[in-house]
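Report on the following structure.
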Amino acid sequence: QVQLVESGGGLVQAGGSLRLSCVVSGSIFGIAAMGWYRQAPGKQRELVSRILYTGSTNYAYSVKGRFTISRDNAKKTMYLQMNSLKPEDTAVYYCAGLITVATPNIHEPAFWGQGTQVTVSS
């Protein structure tokens with residue numbers, strides 16, 4: 001089974017930056033994409049960004065221009081560089097492995113990390 005471990009969360013002032021990491025271990029067979037999701041208290045988990053095996057990326061509108069997703073295949077690690085952080089970015093951030101449920105571009109998360117807390121103060 002795929003195992004995902006996130007790190008890099010913390011407390012930062014608005015306007016600051018954080019870099020999240022997700023280390024992947026185990027079999028990645030069937031994984032079509034990796035992504036970052038977040039969940040704030042009382043709210044549903046939402047997609048922040050994803051990167052396909054081709055390297056193609058996408059972002060939620062709320063983070064475009066501020067966050068950058070990347071990966072290092074040799075290190076089996078995915079990153080989320082978060083700049084210009086806002087209080088509304090406060091959430092638990094989860095790393096996810098996504099599988100294809102409908103070709104060519106429909107994916108859903110099948111594997112989750114345990115999350116890392118990001119808190120942005122005003």
Side-chain angles (χ1 to χ4, degrees):
Q1 184 178 356
V2 173
Q3 297 179 22
L4 308 173
V5 180
E6 306 98 331
S7 63
L11 175 64
V12 64
Q13 284 192 324
S17 298
L18 287 172
R19 187 196 194 201
L20 306 183
S21 299
C22 173
V23 178
V24 182
S25 62
S27 177
I28 59 172
F29 181 79
I31 301 298
M34 298 290 293
W36 289 98
Y37 291 71
R38 67 186 182 187
Q39 187 167 22
K43 296 185 177 181
Q44 290 187 311
R45 193 169 298 184
E46 65 175 347
L47 175 67
V48 177
S49 182
R50 71 176 186 178
I51 182 166
L52 276 64
Y53 73 95
T54 61
S56 178
T57 62
N58 57 25
Y59 299 88
Y61 177 80
S62 61
V63 307
K64 284 197 299 184
R66 300 188 297 120
F67 291 10
T68 303
I69 191 170
S70 63
R71 68 187 179 197
D72 185 331
N73 289 337
K75 294 182 178 180
K76 300 287 186 67
T77 303
M78 179 179 65
Y79 305 95
L80 184 68
Q81 179 66 47
M82 304 186 294
N83 298 325
S84 301
L85 283 162
K86 304 175 180 180
E88 51 262 44
D89 295 319
T90 296
V92 177
Y93 283 70
Y94 297 91
C95 176
L98 289 79
I99 60 173
T100 301
V101 297
T103 57
N105 297 318
I106 307 302
H107 303 86
E108 67 177 14
F111 304 96
W112 295 97
Q114 292 188 331
T116 185
Q117 177 71 47
V118 172
T119 303
V120 184
S121 63
S122 300

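Sequential numbering from 1 along the given sequence is applied to the chain's residues.
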Donor-acceptor pairs under 3.5 Å, side chain of residues 17-28 to any protein atom, not counting sequence neighbours: which ones?
| residue | atom | partner | partner atom | Å |
| --- | --- | --- | --- | --- |
| Ser17 | OG | Asn83 | OD1 | 2.9 |
| Ser27 | OG | Phe29 | N | 3.3 |

Say whether Leu80 and Leu4 are linked into one hydrophobic cluster, either directly or through other cluster members, by side-chain heavy-atom distances under 4.5 angstrom.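 Hydrophobic grouping puts Leu80 with Leu4.
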
Are Leu47 and Leu85 joined in one hydrophobic group, where the rule is that I, L, V, M, F, W and Y side chains link up if heavy atoms are under 4.5 Å apart?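 No; tracing contacts between hydrophobic side chains, which count when under 4.5 Å, never links both residues.
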
For the atom pair NZ (Lys86) and OG (Ser122), what is the distance rounded to the nearest 0.5 Å? 12.5 Å

Distance from Asn58 atom CG to Ile51 atom CD1, nearest 0.5 Å? 10.0 Å

Has the side chain of [X] got a donor or acceptor atom that lies under 3.5 Å from a matching backbone atom of [Y]?
X     : Y      : result
Ser62 : Ala60  : no
Glu6  : Gln114 : yes
Ser49 : Tyr59  : no
Arg66 : Ser84  : yes
Thr90 : Val120 : yes

Where [X] and [Y] come nearest, the two heavy atoms and their spacing:
X     : Y      : value
Val63 : Val48  : CG2-O, 3.7 Å
Ala91 : Ala40  : CB-N, 3.8 Å
Met34 : Cys95  : CE-SG, 3.8 Å
Ala32 : Thr100 : CB-OG1, 3.3 Å

Checking Tyr79 against Asp72 for the side chain to side chain contact (heavy atoms under 4.5 Å, CB included) test, could you report, in this order, the C-alpha distance in whole Å, the side-chain angles of both residues, the deciding distance, and whether it holds? CA-CA 8 Å; Tyr79 305 95; Asp72 185 331; 4.1 Å; yes

Has Gln44 got more than 12 heavy atoms of other residues, nucleotides or ligands less than 6.0 Å from its CD?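 Result for CD/Gln44: open.
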
List the steps, then state whether side chain to side chain contact (heavy atoms under 4.5 Å, CB included) holds for Val118 with Arg38. CA-CA 9 Å; Val118 172; Arg38 67 186 182 187; over 6 Å; no

What residues form a side chain to side chain contact (heavy atoms under 4.5 Å, CB included) with Asn73, not counting sequence neighbours?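 Side chain to side chain contact (heavy atoms under 4.5 Å, CB included) check on Asn73 returns Arg71.
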
State which residues pass side chain to side chain contact (heavy atoms under 4.5 Å, CB included) with Glu108; sequence neighbours excluded, sorted by chain then number.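 Side chain to side chain contact (heavy atoms under 4.5 Å, CB included) list for Glu108, sorted by chain: Ile99, Val101.
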
Please test Tyr93 against Met82 for side chain to side chain contact (heavy atoms under 4.5 Å, CB included), starting from the C-alpha separation and ending with a verdict. CA-CA 11 Å; Tyr93 283 70; Met82 304 186 294; 3.9 Å; yes

Tyr94 vs Thr116 side-chain heavy atoms within contact, under 4.5 Å: no

Report yes if the side chains of Phe111 and Gln3 come closer than 4.5 Å at any heavy-atom pair, otherwise no.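 Of all side-chain heavy-atom pairs linking Gln3 with Phe111, none is under 4.5 Å.
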
Over 60° means perpendicular and under 30° means parallel, so classify the ring planes of Trp112 and Tyr37, tilted if in between.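 Because their plane-to-plane angle is over 60°, the rings of Tyr37 and Trp112 count as perpendicular.
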
Where do His107 and Leu52 land on the side chain to side chain contact (heavy atoms under 4.5 Å, CB included) test, with the steps shown first? CA-CA 10 Å; His107 303 86; Leu52 276 64; 4.2 Å; yes

